[in-house]
Amino acid sequence: MQEELKKKLAKDPNGLLTYEYIANNIGSISKVMPELVENMIMVDKTGQFVVSTARYLNAIDKEKFADSIDRLIKAAIEKDRDRAYLGDLAASIWGTDYKERAEELKAADDNFRRIYKRLYPVGM
């Protein structure tokens with residue numbers, strides 16, 4: 001990634017600039033996607049744009065961006081303490097019927113298990 005862009009995105013106050021850069025340049029940024037994801041994780045304190053980026057990349061090409069999506073989901077679990085965005089993330093990644101398939105998904109995907117546990121805590 002070019003130094004000027006790197007400096008600009010490092011000053012991104014909440015992740016919106018990084019998200020917009022990814023969305024506007026999706027066809028030409030595969031090589032720098034790890035750096036962009038790292039920047040997004042660094043600058044987004046609430047998880048809002050981390051989640052939006054994971055959802056966007058999943059919609060564009062979930063196989064091609066699998067590593068980036070995985071990193072973003074893990075970051076979202078840590079950042080979204082208020083659970084404001086995790087429900088939308090679960091529906092986007094695992095389908096709107098994820099609640100009906102929860103047991104199957106929890107057994108197959110650690111990220112899903114962690115999100116589901118955060119969304120639907122037992123014993124509270």
Side-chain angles (χ1 to χ4, degrees):
M1 187 162 43
Q2 298 172 347
E3 277 306 308
E4 186 176 316
L5 176 61
K6 202 174 205 178
K7 288 178 185 178
K8 176 183 176 184
L9 293 179
K11 294 177 184 175
D12 186 350
N14 58 11
L16 178 59
L17 293 175
T18 306
Y19 176 81
E20 287 177 340
Y21 183 81
I22 291 170
N24 291 334
N25 297 283
I26 194 66
S28 62
I29 57 172
S30 292
K31 290 181 182 179
V32 296
M33 187 60 77
E35 291 176 85
L36 293 167
V37 167
E38 190 61 37
N39 189 76
M40 174 65 71
I41 292 169
M42 179 183 69
V43 300
D44 183 0
K45 304 300 182 213
T46 66
Q48 177 181 4
F49 294 106
V50 166
V51 166
S52 294
T53 304
R55 294 174 67 198
Y56 176 71
L57 293 177
N58 187 69
I60 296 297
D61 191 333
K62 66 182 177 183
E63 281 86 28
K64 180 178 180 180
F65 297 114
D67 290 339
S68 295
I69 294 166
D70 183 65
R71 288 181 60 216
L72 291 162
I73 291 172
K74 287 176 179 165
I77 294 167
E78 298 303 317
K79 290 177 178 287
D80 188 10
R81 292 292 177 193
D82 296 331
R83 298 178 300 273
Y85 313 109
L86 291 178
D88 289 337
L89 177 63
S92 294
I93 302 295
W94 293 283
T96 55
D97 64 340
Y98 74 87
K99 290 180 198 174
E100 289 81 25
R101 300 180 310 121
E103 293 307 313
E104 166 198 341
L105 292 168
K106 285 191 288 187
D109 191 313
D110 189 53
N111 283 336
F112 179 82
R113 182 190 58 75
R114 291 177 64 209
I115 289 174
Y116 196 82
K117 186 176 178 181
R118 181 79 45 88
L119 290 172
Y120 306 101
V122 178
M124 291 192 78

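These numbers were taken from a predicted model, which means no experiment stands behind them. Note that these values count all heavy atoms, side chains included, but never hydrogens, waters or copies made by symmetry.
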Nearest heavy atoms of Ala76 and Leu86, plus distance in Å
O-CD2, 3.9 Å
Taking all atoms of both residues into account, what is the closest heavy-atom pair of Tyr120 and Lys99, and its distance?
OH-CE, 2.6 Å
Are the side chain of [X] and the backbone of [Y] linked by a donor-acceptor contact shorter than 3.5 Å?
X: Asn25; Y: Ser28; value: no
X: Arg118; Y: Ile77; value: yes
X: Asp80; Y: Gly47; value: no

Could you tell me whether Asp61 atom CG has more than 12 heavy atoms of other residues or ligands within 6.0 Å of it?
yes
Kindly check if the number of other-residue, nucleotide or ligand heavy atoms within 6.0 Å of CD (Glu100) is above 12?
yes
Across all chains, not counting sequence neighbours, the salt bridge (charged side-chain N to carboxylate O under 4.0 Å, His left out) partners of Asp110 are Arg113
Salt bridge (charged side-chain N to carboxylate O under 4.0 Å, His left out) involving Lys106 - partner list, sequence neighbours excluded
Glu103
Set out, in order, the CA-CA distance, both residues' side-chain angles and the distance that settles side chain to side chain contact (heavy atoms under 4.5 Å, CB included) for Asp44 and Asn14, then state yes or no.
CA-CA 5 Å; Asp44 183 0; Asn14 58 11; 5.5 Å; no
Do [X] and [Y] sit in one hydrophobic cluster, given that two such residues count as connected whenever their side-chain heavy atoms are within less than 4.5 Å of each other, even indirectly?
X: Ile69; Y: Met42; value: no
X: Leu89; Y: Ile60; value: yes
X: Val43; Y: Val32; value: no

Is it the case that the side chains of Thr46 and Lys79 hold a donor-acceptor pair, with the cut-off being a distance below 3.5 Å and no angle test?
no
For Asp70 and Asn111, does a side-chain donor sit closer than 3.5 Å to a side-chain acceptor?
yes
Pair Glu38-Lys6, salt bridge (charged side-chain N to carboxylate O under 4.0 Å, His left out): steps then yes or no:
CA-CA 11 Å; Glu38 190 61 37; Lys6 202 174 205 178; over 6 Å; no
With Ile22 as partner, the option from Leu17, Asn39, Ile29 fulfilling side chain to side chain contact (heavy atoms under 4.5 Å, CB included) is Ile29
Plane angle bin for Phe112 and Trp94 - parallel if under 30°, tilted between 30 and 60°, otherwise perpendicular:
perpendicular
To the nearest 0.5 Å, what is the distance between CG (Leu57) and CG (Leu72)?
6.5 Å
